[in-house]
Amino acid sequence: MNLFYLIAATCFIIGLKRLSHPKTARSGNIIAAVGMLIAIVATLVSSDILDLRLIAIGLIIGSTIGALFAARVEMTQMPQMVAIFNGFGGGASALVASSEFFTTTNSPFLIVCISVFIGTLTFSGSFIAFGKLQGFISGKPIVFKGQQFFNALAFGGIIILLSINNLGTLDSQSIFYAVLALSFLLGMGLVIPIGGADMPVVISLLNAYSGIAATATGFLIGNNGLIISGSLVGASGLILTNIMCKGMNRSLANVIFGAVGLEVISDGSQKKMNIKSYSTTEAAMILDSAEKIIIVPGYGLAVARAQYVAREVADTLEAKGKKVLYGIHPVAGRMPGHMNVLLAEANVSYDLLKSLDEINPEFEDCDVALVLGANDVVNPAARHDQSSPIYGMPILDVDKSRTVIINKRTMNTGFAGIQNELFGYDNSIMVFGDAKDMLNDLLKEIKEL
Amino acid sequence: MDINLLTIFILAIFVGNEVISKVPPTLHTPLMSGSNAISGIAVVGAMLAIEMGGTLGTYLGLAALIFATINVVGGFLVTDRMLKMFKKK
């Protein structure tokens, strides 16, 4: 039996390995899926399952819902979808552990509780994250008095319950239900104060939790398959969490307990900026005389579904013999890698999508950086202004290009609530307006030149 | 705790760390949805839980099976849908 789980686990590892390049990634995903099929079929065949009917019902219901989700979801909604799937994964692990607890009399109670704890916390936390991303719950941080105290109390309660278990003062069923309830509340309490901009970190972290929950359940039922797969997912989630935190220059503790974005930091010593507002005709002429252009998309671009026309602009410029690249900040979207998917959907060739480390040296000899709906991630204050709340955050060095064209709807501030000094730079020009309208005009103008 | 399980766990963490740190930022979203599908391996635990029987345990197992199957099927399909879009001109 374990041989088949080993084969499945090998498929998962090969599958993840092939994700190291867009060329091999698709086959990697298929290999991983085959691994899963092997694990499922082997489990079905080798164990003398009495009630195949129930299993068939479960598989059919689950597959139908899963396939519907996968076919219907918009690419902008991927974060919600991953959030909800994290929740299902965590929930499944907690349910398996609960089932084990109620049917097996000698199951190790501590591991049952750990599985239930992590799984349930992932479940409730993920659904809050889903609600926030989908707009069912306010995306703003929701903070109430004594919140930290409430979370500490819930967590402390779980620890105390687990330690008094050995003393025999409470029966294990009461402890089980108490742990379940407290974990559920803690999951909600941890996610609800976190704001929209920090969601990439939260989703990555919940992804890691769902893996850890599977691992814990693997220990409980002594199953290698669950332990290996859960560890892979846990490692993946933690690595992504770390990358997202670095992208925002925040510590994990700061994201979870900080509730940033709640108060707008008003900088009293705001310098007067000399803003130069240009028309699309002028912007088109600047682009026409450029040789190397780097497009910096922000999430606003995707919200306006303007990535398609942005790609058309890029194609037209390329047809005129210009080099066009895209600079993608790690936290440009609402989850790790989100902006890349949104651009790939608009048929942008993947070799043009450059990460922060790849693109920054390219700005030195870049003629025009075209900033579309990005703000905080191109603010040079992050490099030099120690009083800025975003000081130290890695940014795209667009200001090093000869000219920076910035499209914004208004002069409103970004997530960090600060004005961007880039807009007042000598080499910066602003083109105000809705991203889609502006790009459509720009496309027309460029074609006419 | 079984030392064999612990050994597998530690080794898997190192393998995971090694393999996943090589995934480029461009593919981080498919990595997440794909690894999500992999965490649906709880589907195996769910089937074993149903098998054990005992009414409450069976129904909890059935719920787990539905959750985990959503994860597996939805996760792999949506990852494929995304990866199909990554093309080079």
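Letters A, B, ... are given to chains in the order of the sequence lines, protein chains preceding strands, and every chain is numbered from 1.
- Looking only at heavy-atom pairs under 4.5 Å with chain B, the residue among A/T104, A/I40, A/L68 that has the most is A/I40.
- For the set B/V72, B/D80, B/L11, B/I10, the count of heavy-atom pairs under 4.5 angstrom toward chain A peaks at B/D80.
- Ring pair B/F9/A/F219 is perpendicular by interplanar angle, where above 60° counts as perpendicular and below 30° as parallel.
- B/L77 touches chain A through backbone and side chain together, each having a heavy atom under 4.5 Å away.
- Looking at A/I203, both its backbone and its side chain come within 4.5 Å of chain B, counting heavy atoms on both sides.
- Comparing A/K354, A/M339, A/H338, A/M78 by how many heavy-atom pairs each has under 4.5 Å with chain B, the most go to A/M78.
- Looking only at side-chain heavy atoms (C-beta outward), A/L16 and B/L31 come within less than 4.5 Å of each other.
- Residue with the most contacts toward chain B among A/R18, A/M75, A/E100: A/M75 (heavy-atom pairs, distance under 4.5 Å).
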> Can you check side chain to side chain contact (heavy atoms under 4.5 Å, CB included) on B/I41 and A/N223, steps first, answer last?
Replying inline: CA-CA 10 Å; B/I41 185 74; A/N223 186 303; 5.9 Å; no

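- Residue with the most contacts toward chain B among A/Y5, A/Y350, A/F69, A/F102: A/Y350 (heavy-atom pairs, distance under 4.5 Å).
- Using a 4.5 Å cut-off between heavy atoms, A/I239 contacts chain B through its side chain alone, with no backbone atom that close.
- In this structure, A/N224 CG and B/N4 CG are separated by 8.0 Å, a value rounded to the nearest 0.5 Å.
- Contact annotation: the side chain of A/I61 never approaches that of B/T69 to less than 4.5 Å [non-hydrogen atoms, C-beta and beyond].
- With hydrogens and angles disregarded, a donor-acceptor distance shorter than 3.5 Å links the side chain of B/T29 to the backbone of A/P336.
- Here B/M32 is the residue among B/K84, B/K22, B/M32, B/M82 with the most heavy-atom pairs under 4.5 Å with chain A.
- With contacts defined as side-chain heavy-atom distances shorter than 4.5 Å, the pair B/S35/A/L232 does not qualify.
- Counting heavy-atom pairs closer than 4.5 Å to chain A, the top-ranked of the candidates B/T26, B/V23, B/T79, B/V43 is B/T26.
- Counting heavy-atom pairs closer than 4.5 Å to chain A, the top-ranked of the candidates B/G61, B/A68, B/G45 is B/G45.
- With a threshold of 4.5 angstrom between heavy atoms, A/A97 does not approach chain B through any atom at all.
- When the candidates A/A71, A/G222, A/S93 are compared by the number of heavy-atom contacts under 4.5 Å with chain B, A/A71 comes out ahead.
- Of all heavy-atom pairs spanning A/F85 and B/G74, the tightest one is CE2-C, 3.4 Å.
- For A/S98, the parts sitting under 4.5 Å from any heavy atom of chain B are the backbone and the side chain alike.
- In the displayed structure, A/K246 atom NZ is contacted under 6.0 Å by at most 12 heavy atoms of other residues, nucleotides or ligands.
- Minimum heavy-atom separation, B/S39 to A/A214: O-CB, 4.3 Å.
- Across all non-hydrogen atoms, the minimal contact from B/P24 to A/S20 is CD-O, 3.3 Å.
- Residue A/I328 does not touch chain B at all, counting heavy-atom pairs closer than 4.5 Å.
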> Should B/N71 and A/N86 be marked as a side chain to side chain contact (heavy atoms under 4.5 Å, CB included) after you check the CA-CA gap, both sets of side-chain angles, and the distance that decides it?
Replying inline: CA-CA 8 Å; B/N71 229 345; A/N86 281 334; over 6 Å; no

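- Neither the backbone nor the side chain of A/P330 has a heavy atom closer than 4.5 Å to any heavy atom of chain B.
- A heavy-atom distance below 4.5 Å is not found between the side chains of A/F101 and B/L60.
- Heavy atoms closer than 4.5 Å to chain B are found in the side chain of A/I221, but not in its backbone.
- In this structure, chain B has a heavy atom under 4.5 Å from the backbone of A/R72, while its side chain stays farther away.
- We find the OG1-CD1 distance between A/T103 and B/I50 to be 11.5 Å, quoted to the nearest 0.5 Å.
- Looking at residues two or more places apart in sequence or on another chain, you find no ring-ring contact (aromatic ring centres under 6.0 Å, His included) involving A/F4.
- Proximity to chain A (any heavy atom under 4.5 Å) is restricted, for B/A37, to the backbone atoms N, CA, C and O.
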>> For A/V233 and B/N36: C-alpha separation, side-chain torsions, deciding distance, then whether side chain to side chain contact (heavy atoms under 4.5 Å, CB included) applies.
In response: CA-CA 7 Å; A/V233 179; B/N36 223 317; over 6 Å; no

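- In this structure, the separation between CE on B/M47 and CG on A/L52 is 10.0 Å, given to the nearest 0.5 Å.
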> Hey, mind stepping through A/M335 and B/H28 against side chain to side chain contact (heavy atoms under 4.5 Å, CB included) and telling me if it holds?
Replying inline: CA-CA 8 Å; A/M335 68 182 289; B/H28 276 165; over 6 Å; no

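- In terms of non-hydrogen atom pairs under 4.5 Å with chain A, the most contact-rich of B/G75, B/A64, B/G16 is B/A64.
- Residue A/E358 places its CD atom among more than 12 non-hydrogen atoms of other residues, nucleotides or ligands, all under 6.0 Å distant.
- Comparing B/L83, B/V73, B/I70 by how many heavy-atom pairs each has under 4.5 Å with chain A, the most go to B/I70.
- When every heavy atom of B/L65 is checked against every heavy atom of A/I55, the shortest pair comes out as CD2-O, 3.5 Å.
- The residue among A/P108, A/A32, A/P22 with the most heavy atom pairs within less than 4.5 Å of chain B is A/A32.
- For a residue to count as touching a neighbouring chain, one of its non-hydrogen atoms must lie under 4.5 Å from one of that chain's; by this rule A/D357 does not touch chain B.
- In terms of modelled atom types and a separation under 3.5 Å, the side chain of A/N29 and the main chain of B/F76 share a donor-acceptor contact.
- Atoms CD1 and CG, from B/I8 and A/N2 in turn, are 7.0 Å apart once rounded to the nearest 0.5 Å.
- Only the side chain of A/T215 comes within contact range of chain B, with heavy atoms under 4.5 Å apart.
- Contact of B/V44 with chain A is made through backbone and side chain together, with heavy-atom distances under 4.5 Å.
- Crowding of B/K88 atom NZ: a count of heavy atoms from other residues, nucleotides or ligands under 6.0 Å not exceeding 12.
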